[in-house]
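Report on one structure; see the data block that follows.
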Amino acid sequence: MSQESAYIHILLSDYFKKWYETYKTNRTDVTLLQYKNTDYVIDKYLKDETLNNLTRAKLQQFINEYGKNHAKETIPKHKGHIIACLKDAYHEGLIKQDVTYRLNLVYNQKTIKPIEEKFLEAEDAHKLVTYCEKNITRGNFCILTGILQEPDLVKLEP
């Protein structure tokens, strides 16, 4: 059995899971959770889609449908995971064309908040500062520095 015929009917969801479990093992727990979330999204929206039947149009339709009810920040993460996975499948010869070429980003415009509404509530800000002070890392130090430099991003009064 050739490699092409062995993989021709593999589900995208199965391939994605095997792909991220193989190539994305050395990641933080948060990043792995994001891959698992993308896996869940694939299972929900592209459940029966096989690699050999996947087209650029089908992927764009998925992004259009998923984007209707999701925020601008959510869509690129899932899209990026799926594109990376499918580019590897393409380079491995498991799919015949790059179905990820020039996919458009679609998201719910209503989820975009004006800059005036983008801040942390006082209670959440205090929790974040306390956590960062107790768990000093480079990232947490950057958060604390940012809060000190841009205090308007934190709503300190109810």
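What you see below is based on every heavy atom in this structure, not just the backbone, and it leaves out hydrogens, waters and symmetry mates. Quick note: residue numbers are just sequence positions, from 1.
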Quiz item: Quick one: are Arg102 and Arg56 in side-chain contact, heavy atoms under 4.5 Å?
Solution: yes
Quiz item: After noting the C-alpha distance and the side-chain angles of Tyr66 and His78, does the key distance pass the side-chain hydrogen bond (donor to acceptor under 3.5 Å, both in side chains) rule?
Solution: CA-CA 10 Å; Tyr66 187 70; His78 294 309; 3.3 Å; yes
Quiz prompt | Heavy-atom side-chain proximity of Asp88 to Tyr15 below 4.5 angstrom | solution = yes
Practice problem: Apply side chain to side chain donor-acceptor pair (under 3.5 Å) to Lys127 and list each qualifying residue two or more places apart in sequence or on a separate chain. | Solution: Glu123
Quiz item: Heavy atoms, side chains only, cut-off 4.5 Å: are Leu59 and Leu86 in contact?
Solution: yes
Quiz item: Any side-chain heavy-atom pair from Tyr35 and Trp19 closer than 4.5 angstrom?
Solution: yes
Self-check item: Ala71: partners by side-chain contact (heavy atoms from CB on, under 4.5 Å), with sequence neighbours left out
Solution: Glu73, Thr74, Thr111
Quiz item: So does Asn135 have more than 12 non-hydrogen atoms from other groups sitting under 6.0 Å from CG?
Solution: yes
Practice problem: Output yes when Glu21 and Lys24 qualify as a salt bridge under the 4.0 Å nitrogen-oxygen rule, no when they do not. | Solution: no
Quiz item: Do Thr50 and His9 meet the criterion of a side-chain donor-acceptor pair at a distance under 3.5 Å?
Solution: no
Quiz item: Do Lys58 side-chain atoms and Asn53 backbone N/O form a donor-acceptor pair below 3.5 Å?
Solution: yes
Quiz item: Hey, is the main chain of Leu103 close enough, under 3.5 Å, to the side chain of Lys79 for a donor-acceptor pair?
Solution: yes
